[in-house]
There are 2 protein chains.
Amino acid sequence: MTTYERRQSLMDLLRKQPGLRVPEIALSLGVSEGTVRNDFNALEEDGHLTRVHGGAVLSVSSNPSNSEFGIRHQERSQEKNLIGQVAAQLVSDGDSILLDASSTAYYLALNLKERSRLRVVTNGIEIARLLAHNTSNTVILIGGVVSADGSSLTGLLSEQIIDELRIQKAFVSCSGFSVESGLTEVHLEEAQLKRKAIESARQVFALVDSRKFGHEDLTPIARPLQITHLFTDSDISDEWKAKLQLANIPFTICKEQAVLPK
Amino acid sequence: MTTYERRQSLMDLLRKQPGLRVPEIALSLGVSEGTVRNDFNALEEDGHLTRVHGGAVLSVSSNPSNSEFGIRHQERSQEKNLIGQVAAQLVSDGDSILLDASSTAYYLALNLKERSRLRVVTNGIEIARLLAHNTSNTVILIGGVVSADGSSLTGLLSEQIIDELRIQKAFVSCSGFSVESGLTEVHLEEAQLKRKAIESARQVFALVDSRKFGHEDLTPIARPLQITHLFTDSDISDEWKAKLQLANIPFTICKEQAVLPK
DNA sequence: GCAAATTTGTTGATATTTGTCAATAAGCAG
DNA sequence: CTGCTTATTGACAAATATCAACAAATTTGC
């Protein structure tokens, strides 16, 4: 049995049962636990599954049962919140900004609570409600088809509206990033909207947590040159730092700046 | 059972009951209380639940039933729910319907949970999320400016979209009703949207709780003739019943004992 | 408001799981 | 066959999970 075949059958197994455990698989396939771990890690790298301590489960994106109401606010919340904190410093009272429906943008929005008179365009429902709560803001929610998790809006109906609005600063996330393709997105509809947004905005700020580096998804949404500045977290590898510098993409690594109290 | 599985089942449990207590869970899962605490804390860190002294509850963000943002469901909720129940009987699987952002329409939406393959157009955010949760539905949320209470969308951006959609049945509420002016609305932007909706819909169903009769507000949105059918509650006076009959407006009084197939 | 009861976070011990590393085996192009 | 890359394995150190015991913090009962 080749490596490829083994990994294929692992995925087949995983589709039939909720999770796999390293020792069991090693035993049933007659390979060492180390090999199973290698397989799991390789498959995770390619986005086919998600590792958990002791085994592996289907990755959240291909697991429909996991898509509960607005639940995407979990993974790497620490890092995303830091990115949000730092990016928020670019927004001043009265700015016209655009946020996509990503969870990173949500954390950014959380850090905009103190701002006033913002003019916000977004397709993220939670983001819209959060910022509309401050009555000095004007929040435009781009219309469209509601996603199953009730968190975002997409669709052709929305896009023409973006053309009619003057947006100073666009904050967009993505599902993948590479130096060659820039920002890439796995969801086609999201991608269309983001591309439109990036075109019409004066400045484009990319919110890219370190997990996204190296993944390259189907649809490119912004070439490296279109990115005004990129924000990421401190888990970024030195290798990627070098690559970003070489590609001449300005970036900021968002660290815990304040000393922990006590 | 792996850590992941255990935490997964904790979340499953939590969705079925309002809260979990540490000692009970420890006993029923056969782990120590310290482990349960670890689980709760980890799940809280990821935003899946909220810790309370002695246990855990579903976090506000993943709790669909929470209505932190001022939904004005309080007043006359009994009556509005009845109207919603009865009006829901007009909706069949696969229908194309329009709902406004009123609380009565929200109660109608609550009674549409069992329907499938609906095509829904609305400017009510809660309504959109509620119905989008059923993946067989297609829910279009009309874009626009988010109201301060985060419940509805209005604005010129939205209206052209309605023209492009074929809507069979429109369910609209209002803030006032008189035989002379028909439905009237106090909010100008809401009114514009509703007028547009009424124009383009095959059938128009007015959801008018009895308090609305006799109030006549600034902007007329539908003449009596445009109303296919009117739903109200049993608090309507005999005087108004007569007036409606005289004006030749078909109407239904929604009472408790209405069709209740057990 | 105080004391008892409960719950919590912490600590150290133990068991599992994980990543690393070097050695070996297997696959493959020339 | 030879040299090269990749895959696999066992050994071991680091990380993680669990547990029990205990002190600190919180809630409850009076």
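As a basis for the values below, the full set of heavy atoms in this structure was taken, side chains included, without hydrogen atoms, waters or symmetry mates.
The residues A/R119 and A/D95 are annotated as not salt-bridged, no charged nitrogen and carboxylate oxygen being separated by less than 4.0 angstrom.
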| Between A/D39 and A/V31, is a side-chain contact (heavy atoms from CB on, under 4.5 Å) present by the stated rule, with each step listed? | CA-CA 11 Å; A/D39 289 341; A/V31 293; 5.6 Å; no

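Within 4.0 Å of A/N41, counting heavy atoms only, lie sugar-phosphate atoms of the nucleic acid but no base atom. Within the 4.0 angstrom heavy-atom criterion, only backbone atoms of the sugar-phosphate kind lie near A/R51; the bases stay farther away. B/V36 comes within 4.0 angstrom of nothing in the nucleic acid, heavy atoms only.
Comparing the local axis fitted to the first five base pairs of the helix from C/dG1-D/dC30 to C/dG30-D/dC1 with the one fitted to its last five gives a bend of 50°, rounded to 10°.
Checked against a 6.0 Å centroid threshold, the rings of A/F231 and A/H229 count as neighbours.
The CG atom of A/L218 lies 11.0 Å from the NE2 atom of A/H187; values are rounded to the nearest 0.5 Å. Rounding to the nearest 0.5 Å places CG of A/L14 at 9.5 Å from CG of A/D12.
Each of C/dT18, D/dA17, C/dT7 was ranked by its minimum atom distance to the side chain of B/H53; first place goes to C/dT7.
Side chains of A/K212 and A/S175: a donor-acceptor N/O pair is absent below 3.5 angstrom, by distance only. Side-chain contact check for A/E216 and A/S181: at least one donor-acceptor pair (N or O, by modelled atom type) lies under 3.5 Å. Side-chain atoms of B/S103 and B/K80 form a donor-acceptor pair, as typed in the model, at a separation below 3.5 Å.
DNA chain C is contacted by no residue of residues 27-34 of chain B, taking any non-hydrogen atom closer than 4.0 Å.
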